[in-house]
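Both counts, for ligands and for their atoms, begin at 1 and track the order of listing. When reading the values below, keep in mind they use all heavy atoms of this one structure, side chains included, and skip hydrogens, waters and symmetry mates.
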Amino acid sequence: MCGIVAYVGPKPAYPILIKGLHRLEYRGYDSAGLCLLNGELKVWKCKGKVSELEKYIEGENLEGTIGMAHTRWATHGEPNQINAHPHYSQSKHLSIIHNGIIENYLVLRKELQQRGYTFTSDTDTEVLIHLIEDIQQNEHVAVEEAVRIALTQVIGAYAIVVLSQDHPDKIIAARKGSPMVIGIGVDEFFVASDATPIIEYTNNVVFMNDEEIAIIERHQELKMRTIRNQERTPYIQRLEMSLTAIEKSGFPHFMLKEIFEQPHSIEDSMRGRLHLDQDTVTLGGIRDYLPKILNAERIIITACGTSWHAGLVGEYIIEDLARIPVEVEYSSEFRYRNPVISEKDVIIAISQSGETADTLAAIELAKSKGATVLGICNVVGSSIARATHAGVYTHAGPEIGVASTKAFTAQVVVLTLIGLLLAEKKGTVPESHLHKLRLELGLIPSKVEKILERANKIKDIATIYKDRTNALYLGRGYNFPVALEGALKLKEISYIHAEGYPAAEMKHGPIALIDKYMPVVFIAHKRGIYEKVITNIEEVRARKGNIIAIITEGDESVKKLADHYIEIPDTEEMLIPLLATIPLQLLSYYVAVMRGCNVDQPRNLAKSVTVE
Ligand code: F6R
């Protein structure tokens with residue numbers, strides 16, 4: 001949440017900062033702001049998106065080769081111009097941008113007010129910049145030392161960048177709990193919440209660790225310290241990410257591009273892991289922990305949102321194949337509810353961004369109880385990838401659309417690979433069945449391709465239902481998590497109220513909602529508990545609900561029952577979620593576009609939920 005970008009080097013800073021803000025806008029878009037240091041610190045900020053900021057500063061003198069910029073997702077204080085970042089210190093000699101939450105800001109604010117500081121905003125961030133100035137003035141220390149001392153006094157999460165008028169060549173950056181990456185170019189530095197604003201200029205990056213402060217100075221080597229004042233040697237990594245991966249490449253929205261990328265992203269998530277020639281699966285990232293996983297008494301999967309839905313599919317797969325009990329927990333509940341965890345448990349944390357605050361906290365809790373914690377993350381070098389003992393990257397490529405699509409299918413692929421690997425090692429499933437599953441998994445990318453060719457039919461269905469106010473999604477077995485995911489996609493980008501349910505639960509309440517205005521999306525694939533789902537469809541028909549069915553290619557009987565149907569290829573039952581989710585992603589995309597919604601940046605949402 002909140003996007004941060006900063007630059008120092010020989011080039012004009014403004015074009016780099018504004019482009020960086022556009023790339024980071026998926027992290028938050030309530031308001032945007034910019035600070036350039038050119039003799040003095042100049043701040044411009046406004047409510048709304050980055051494009052509003054561009055209009056707002058038209059005609060201004062935007063010279064300067066050092067600066068920082070911010071796009072906000074409001075936590076403290078409503079999204080308006082005053083609360084937008086950057087924030088000045090009282091003397092206007094310092095300025096700050098911040099991503100995170102300062103939890104003890106009220107106490108600090110009161111103390112600073114008593115010492116004569118005036119606050120102009122409602123934010124927790126302003127407290128921090130006044131505190132830094134207060135320390136600098138009272139203790140006569142350099143700005144980086146004032147930042148360091150201030151950070152020993154704050155409780156909460158932060159990624160900050162501070163500029164000082166008195167140090168026109170220096171950027172101070174720090175992080176705890178919120179991500180921050182430093183890009184190292186030729187005689188220039190970039191700082192950002194993630195690598196997307198950086199990779200256009202350099203692939204050499206340093207992922208900051210918690211409680212680290214970076215002192216970034218023109219013509220100098222990068223220096224790092226901890227907030228406990230220990231020196232740190234920056235660990236420079238080479239990041240493999242292409243520019244086309246973070247651009248729309250001719251698609252009207254990132255979400256559509258990412259839906260259409262799935263044949264490739266699914267392939268990428270299996271590459272080097274699913275060996276059809278040797279009829280086996282390998283997962284190098286968790287190899288050393290395999291004995292531990294095979295002997296686990298229980299696996300607990302923890303995640304949020306769409307990643308939690310992937311976790312539910314994972315529960316069914318791993319229990320089915322490896323016969324290890326699996327529980328799936330919302331990270332936000334797990335972290336606060338005193339769960340029973342022991343050293344014999346294996347925790348799998350799933351996260352696209354690798355930065356979700358609740359999932360990170362759940363990991364820390366599990367580690368403190370001695371459990372082995374594995375991660376399934378998409379973003380390489382992310383906090384969760386680094387906080388876990390071992391893990392498997394999904395390799396879906398950057399996901400920029402706020403609604404998760406290709407990350408979900410890649411997560412399900414990785415969970416399937418884990419299930420297959422465990423079953424192979426444990427001997428819980430006949431080899432002939434494992435062989436079939438491996439073969440079928442290898443065919444999924446081409447089957448997804450086939451579904452994408454039917455996009456126009458899905459668009460036609462969207463035209464019919466775009467003005468409805470409610471929708472129900474029903475599925476059973478492996479398709480229950482698909483129903484949840486379909487409903488989440490619709491509600492988050494089109495603002496239509498949608499619920500996902502196990503189809504048989506309908507009779508225990510939701511059936512009361514069904515009338516001639518209620519679209520009901522059934523995942524009615526031929527495999528699994530098919531006959532029962534047919535009965536559920538009949539029940540909805542009897543009450544005049546409108547049935548949209550996801551069916552197996554050529555299934556004439558459901559075609560007759562449904563008002564509309566979308567065919568998907570046949571596959572093994574546990575792989576159906578990889579196919580059935582695709583038309584539901586497209587359906588919600590088209591409905592949202594037809595309703596005039598901003599699908600890539602839905603209201604109130606942010607891509608990376610770094611606050612709890
Ligand atoms: C929905 C969506 C969210 C995320 C959730 C977890 O489309 O994107 O529900 O799945 O915020 O995020 P990650 O996977 O980054 O931990």
Ion pair present between Lys406 and Glu258, side-chain N to carboxylate O less than 4.0 angstrom? no
heavy-atom search around atom 2 (C) of ligand 1 in the protein gives Thr306 OG1, 3.8 Å
Counting from 1 in the order shown, the ligand 1 atoms closer than 4.0 Å to a non-hydrogen atom of Glu492 are 1 (C), 7 (O)
Would you mind checking if Lys257 and Glu247 are paired as a salt bridge, meaning a charged N to carboxylate O distance below 4.0 Å? no
Can you pull out the closest protein heavy atom to atom 11 (O) of ligand 1? Residue, atom name and distance to 0.1 Å, please. Val609 CG2, 3.9 Å
Within ligand 1, which atoms have a heavy atom of Ala403 less than 4.0 Å away? 7 (O)
Taking N or O atoms only and a 3.5 Å limit, does Thr356 qualify as a polar contact for ligand 1? yes
Can you say whether the rings of His85 and His70 are parallel (under 30°), tilted (30 to 60°) or perpendicular (over 60°)? parallel
Is any side-chain heavy atom of Lys369 closer than 4.5 Å to a side-chain heavy atom of Val340? no
Going by the angle between their ring planes, with limits at 30° and 60°, are Tyr478 and Tyr316 parallel, tilted or perpendicular? perpendicular
Region of Lys489 that comes within reach of ligand 1 [heavy atoms, distance under 4.0 Å]: side chain
Here the atoms of ligand 1 under 4.0 Å from any heavy atom belonging to Ser351 are 13 (P), 14 (O), 15 (O), 16 (O)
Taking the side chain as C-beta and beyond, is there a heavy-atom pair between Tyr495 and Cys597 under 4.5 Å? yes
Any N or O on Thr359 sitting closer than 3.5 Å to an N or O of ligand 1? no
Protein heavy-atom partner closest to atom 6 (C) of ligand 1 - residue, atom, separation in Å: Cys304 O, 3.4 Å
In ligand 1, which numbered atoms sit nearer than 4.0 Å to a non-hydrogen atom of Gly305? 9 (O), 10 (O)
So is Ile384 close enough to ligand 1, meaning a heavy atom under 4.0 angstrom away? no
Any idea how His564 and Tyr465 line up, ring-wise: parallel (<30°), tilted (30 to 60°), or perpendicular (>60°)? perpendicular
Out of all atoms in ligand 1, which are within 4.0 Å of some heavy atom of Ser307? Include the element for each. 10 (O), 13 (P), 14 (O)
Flag the pair Ile451 / Pro583 as yes when at least one side-chain heavy-atom distance between them is below 4.5 Å, and no otherwise. yes
Nearest-neighbour protein heavy atom for atom 15 (O) of ligand 1, which is reported as residue plus atom name and distance: Ser353 OG, 2.6 Å
Under 4.0 Å between heavy atoms, the region of Val402 that gets near ligand 1 turns out to be backbone
